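Presented below is the structure to which this report refers.
Please read these numbers as outputs of a predicted model, since none were measured by experiment. Worth knowing before you read on, the calculation uses all heavy atoms, side chains too, and leaves out hydrogens, waters and symmetry mates. Quick note: residue numbers are just sequence positions, from 1.
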Amino acid sequence: MKQVTSEKKLEHLGSPKLCLCHPTDIVIRKSDYLCNRTLAICADKSSMDLPRGLVERLQDPKQKIKVTLSVES
């Protein structure tokens, strides 16, 4: 599979209530809804704001991704 580099910066919040315990799924939400799939809440972008090519690659279950998180206080 061809390696494609795509970088997109999202501003979002964490929460002490995040369990980060789903074995395969991560969801960054614009709302403050929490479940075991939630990685971050109150994001400034949704999938509608991301490049279509990136969304299509993320929908492929065989696609490998690297997610880098940075924490600022």
Side-chain angles (χ1 to χ4, degrees):
M1 185 176 286
K2 179 181 160 188
Q3 182 174 345
V4 177
T5 301
S6 181
E7 183 176 320
K8 193 66 176 173
K9 185 177 268 193
L10 302 162
E11 299 289 328
H12 50 79
L13 299 175
S15 169
K17 296 179 181 177
L18 291 170
C19 74
L20 306 173
C21 55
H22 196 280
T24 59
D25 296 359
I26 58 172
V27 179
I28 299 173
R29 302 181 186 282
K30 287 186 85 171
S31 70
D32 60 358
Y33 177 77
L34 295 171
C35 77
N36 68 343
R37 298 171 59 224
T38 307
L39 176 67
I41 56 174
C42 302
D44 64 345
K45 292 177 181 64
S46 71
S47 62
M48 295 291 295
D49 302 311
L50 299 176
R52 293 298 90 199
L54 175 59
V55 174
E56 289 168 5
R57 288 194 308 275
L58 292 173
Q59 290 172 335
D60 178 356
K62 295 178 183 175
Q63 179 71 52
K64 292 183 179 183
I65 66 167
K66 177 180 179 181
V67 176
T68 303
L69 302 174
S70 63
V71 177
E72 297 177 11
S73 53

Quiz prompt | Value rounded to 0.5 Å, distance of CG in Asn36 from CD1 in Ile26 | solution = 13.0 Å

Quiz prompt | Between OG on residue Ser47 and CZ on residue Arg52, distance to nearest 0.5 Å | solution = 6.0 Å

Quiz prompt | Non-hydrogen atoms of His12 and Ala40 that approach each other most closely | solution = ND1-CB, 3.2 Å

Quiz prompt | Candidate pair Lys30 and Asp49, rule side chain to side chain contact (heavy atoms under 4.5 Å, CB included), full reasoning | solution = CA-CA 11 Å; Lys30 287 186 85 171; Asp49 302 311; 4.3 Å; yes

Practice problem: Hey, could you give me the CD1/CG distance between Ile65 and Asp60, rounded to the nearest 0.5 Å? | Solution: 11.5 Å

Quiz item: From Leu54 CG over to Gln63 CD, what is the distance, rounded to the nearest 0.5 angstrom?
Solution: 9.0 Å

Quiz prompt | Any donor-acceptor pair under 3.5 Å from Asp44 side chain to Glu11 backbone | solution = yes

Quiz prompt | Between CG on residue Leu18 and CD1 on residue Ile41, distance to nearest 0.5 Å | solution = 6.0 Å

Quiz prompt | Test side-chain contact (heavy atoms from CB on, under 4.5 Å) applied to Arg29 and Cys35, Ser46, Cys42, the passing residue | solution = Cys35

Practice problem: Examine distances only and state if a side-chain atom of Ser31 and a backbone atom of Tyr33 form a donor-acceptor pair shorter than 3.5 Å. | Solution: yes

Self-check item: Inter-residue atom distance Leu20.CG - Ser15.OG, 0.5 Å rounding
Solution: 9.5 Å

Quiz item: Are Leu34 and Ile28 connected in a single hydrophobic cluster, I mean Ile/Leu/Val/Met/Phe/Trp/Tyr linked by side-chain heavy atoms less than 4.5 Å apart?
Solution: yes

Practice problem: Could you state whether Leu69 and Leu10 fall into the same hydrophobic cluster, counting links through intermediate Ile, Leu, Val, Met, Phe, Trp or Tyr residues with side-chain heavy atoms under 4.5 angstrom apart? | Solution: yes

